[in-house]
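Chain letters run A, B, ... following the sequence lines, proteins first, then strands; residues in each count from 1. What you are looking at is a predicted structure, and each value in this text was computed from that prediction instead of being measured.
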Number of protein chains: 2
Amino acid sequence: MGLRETKVARTRAQIVDVAVNLFLEKGYDGTTMEEIAEQAEVGTTTLYRYFPSKDLILLDPFTREDPVADTVRSRPADEPIDIVLGHAVLATFAYLEHDQPRINAIRTLIDESSAPRARLWDVLARNLAELERAIAERTGAPVDSVSVRMTARVTQLTIELAADTWRSSEGTRRLPEIARTIMAALKSDGVPFPAVPPSA
Amino acid sequence: MGLRETKVARTRAQIVDVAVNLFLEKGYDGTTMEEIAEQAEVGTTTLYRYFPSKDLILLDPFTREDPVADTVRSRPADEPIDIVLGHAVLATFAYLEHDQPRINAIRTLIDESSAPRARLWDVLARNLAELERAIAERTGAPVDSVSVRMTARVTQLTIELAADTWRSSEGTRRLPEIARTIMAALKSDGVPFPAVPPSA
DNA sequence: ATACCAACTGGTAGTTACTACCACATTGAG
DNA sequence: CTCAATGTGGTAGTAACTACCAGTTGGTAT
């Protein structure tokens, strides 16, 4: 890794760090891009080169590749699909748990302002598409089939539900444990799907 | 309904109509709020009173109350939950189908620009919350329970899947028929949920 | 070491979404 | 008819974001 790449990576990390601190201190809307640029010691032009929009700074940790699709691809071929997805869910949390409090704070900030909150789903849509591809490859079903699309979404929802529950539990329980509880509940209780009403 | 209310309603409709036509003609990003105000024959201040942000003009049809939660509340108490949800799904489409082509065009515009596309999820989150409440009332489970939250989301996903499929079929099939097909497929194939991997 | 190209930086000027505040017009009620 | 409530619209300002341009720095080939 050359000097140039190193500098770019450092600048990028610096921007995110400075920005999140400012957001925590003065709120997302109360912080201007100029302030971020100034504190990060870059010009505003440079700032916009690293992050084309303000909300993407806050969403940075969520734009990195998540390990769900990779897990689906790397599990043994004879493992049942529900277990594969269970591993994928747990992999996400192993990945997230290392800087728990900061991610937690960032997620709270995201939910508080409308621009990043809205954009989050847009960002997660990319993960969803990749998960769909991975599931389709594994099961042999077409990517746009009902089962593939629904399976991918249900998996993402399970992750979201677990993360939500964890966030509102304020660190009293560990993430993987919460995920296990939720998956167990889904299995034992079952989830009703909308069904075609009898025509009579 | 007094004269004042009539005028307000007319102005509102006029704004949406003018704006969507401009969006279709020049694109969402290529249309300014000033142009919309001018063509709709209102001041920009007034425009912002009706719609606090540009994307909400385009999202207007999706901010109206959707009938899903209402359907859940109004079905007979002894009807099985999956059938109730099936009715709710079909109710949405009966409601949507009356101005099919325009809604279709609007949805395409939404998907093409990042701001409205992102904001759409934020808007639909309100419907989701109300559906959660309706399901919780009916089943007696707490609103924040895993089953209620997952059921509500799965229902919303079924609607989304059907609408997506319909949009890409370009009007060759009717919406309720597509919805029935999807629900039937979900029932017969089943959807795998992530499951806790064996600890061994 | 020197020359050179590519990538990175940052400043200036401009557009546009959106807000705050203002005076003015219109509606509807007593 | 009067008056208060409600709606209208203009002006001035902020801040996100873009286009353009000149200058700097890092890597590379000679």
Side-chain angles (χ1 to χ4, degrees), chain A residues 1-16 18-20 22-23 25-60 109-110 112-120 122-123, chain B residues 1-16 18-20 22-23 25-60 109-110 112-120 122-123:
Chain A
M1 182 148 134
L3 178 55
R4 183 168 261 157
E5 283 175 84
T6 308
K7 273 193 174 179
V8 167
R10 190 164 41 217
T11 304
R12 186 187 174 85
Q14 171 76 359
I15 289 171
V16 172
V18 159
V20 170
L22 281 170
F23 292 155
E25 187 188 334
K26 317 171 54 174
Y28 176 81
D29 293 316
T31 305
T32 70
M33 289 295 265
E34 273 193 30
E35 286 174 303
I36 296 169
E38 197 182 336
Q39 288 237 1
E41 293 174 337
V42 294
T44 58
T45 310
T46 303
L47 175 55
Y48 276 103
R49 275 209 194 80
Y50 280 87
F51 295 96
S53 71
K54 190 180 168 184
D55 44 20
L56 288 179
I57 305 178
L58 195 53
L59 291 173
D60 180 61
L109 277 173
I110 290 172
E112 276 168 359
S113 296
S114 70
R117 183 182 60 229
R119 188 64 68 88
L120 175 61
D122 212 38
V123 167
Chain B
M1 180 146 134
L3 176 57
R4 183 168 262 158
E5 284 175 84
T6 308
K7 273 192 175 179
V8 166
R10 189 162 43 214
T11 304
R12 187 186 173 85
Q14 170 76 358
I15 289 170
V16 173
V18 159
V20 171
L22 281 171
F23 291 156
E25 187 188 334
K26 316 171 54 174
Y28 176 81
D29 293 315
T31 306
T32 70
M33 289 296 265
E34 273 193 29
E35 286 174 303
I36 297 169
E38 198 182 337
Q39 288 238 1
E41 294 174 335
V42 294
T44 59
T45 310
T46 303
L47 176 55
Y48 276 103
R49 274 210 195 79
Y50 280 87
F51 295 95
S53 71
K54 189 180 168 185
D55 45 17
L56 289 179
I57 305 178
L58 195 52
L59 292 173
D60 180 62
L109 276 173
I110 290 172
E112 277 168 359
S113 296
S114 71
R117 182 182 61 230
R119 187 65 68 86
L120 177 61
D122 212 39
V123 166

Open item on the list: Has A/K54 got a side-chain atom pairing as donor or acceptor with A/Y28's backbone, closer than 3.5 angstrom?
Closed with: yes

Task: Under 3.5 Å donor-acceptor, A/T6 side chain and A/G2 backbone - done: yes

Open item on the list: Rounding to an integer number of Å, can you tell me how far B/F51 CZ sits from D/dT8 P?
Closed with: 12 Å

- [ ] Say whether, by atom type as modelled, one donor and one acceptor occur between the side chain of B/T46 and the main chain of B/V42 under 3.5 angstrom.
- [x] no

Task: Nearest to side-chain heavy atoms of A/T11, which nucleotide of C/dG28, D/dT8, C/dT9 - done: C/dT9

Task: N/O (side chain, A/K54) to phosphate O (OP1/OP2, D/dC17) under 4.0 Å - done: no

Task: Contact check, side chains of B/K26 and B/E35, non-hydrogen atoms, under 4.5 Å - done: yes

- [ ] Starting at atom CZ of A/R119, determine the distance to atom P of D/dA16, rounded to an integer number of angstrom.
- [x] 14 Å

Task: Rounded distance in Å - OH (B/Y48) to P (D/dG10) - done: 15 Å

- [ ] Let me know the distance between CD of B/E34 and C1' of D/dA12, rounded to the nearest Å.
- [x] 14 Å

Task: Interatomic distance, A/L3 CG vs C/dA7 P [rounded to whole Å] - done: 16 Å

Task: Whichever of B/T46 and A/E5 has its nearest DNA chain D nucleotide further upstream toward 5' - done: B/T46

- [ ] Could you check whether A/T44 gets within reach of a base, just the sugar-phosphate, or nothing at all, counting any heavy atom under 4.0 Å?
- [x] nothing

Open item on the list: Taking the nucleotide of DNA chain D with the nearest heavy atom to each, does A/M33 or A/T45 sit closer to the 5' end?
Closed with: A/M33

Open item on the list: What is the separation between atom CZ on B/R4 and atom C1' on D/dA5, rounded to the nearest whole Å?
Closed with: 6 Å

Open item on the list: Using whole Å, what does the distance between atom P of nucleotide C/dG10 and atom CG of A/L47 come to?
Closed with: 11 Å

Open item on the list: Can you measure A/D29 atom CG to C/dC18 atom P for me and round it to whole angstrom units?
Closed with: 12 Å

Open item on the list: Could you measure the distance from the CD atom of A/Q39 to the CD atom of A/E41? Nearest 0.5 Å is fine.
Closed with: 9.0 Å

- [ ] Quick one: label B/T31 by what it contacts on the DNA or RNA (base, sugar-phosphate, nothing), any heavy atom closer than 4.0 Å.
- [x] sugar-phosphate

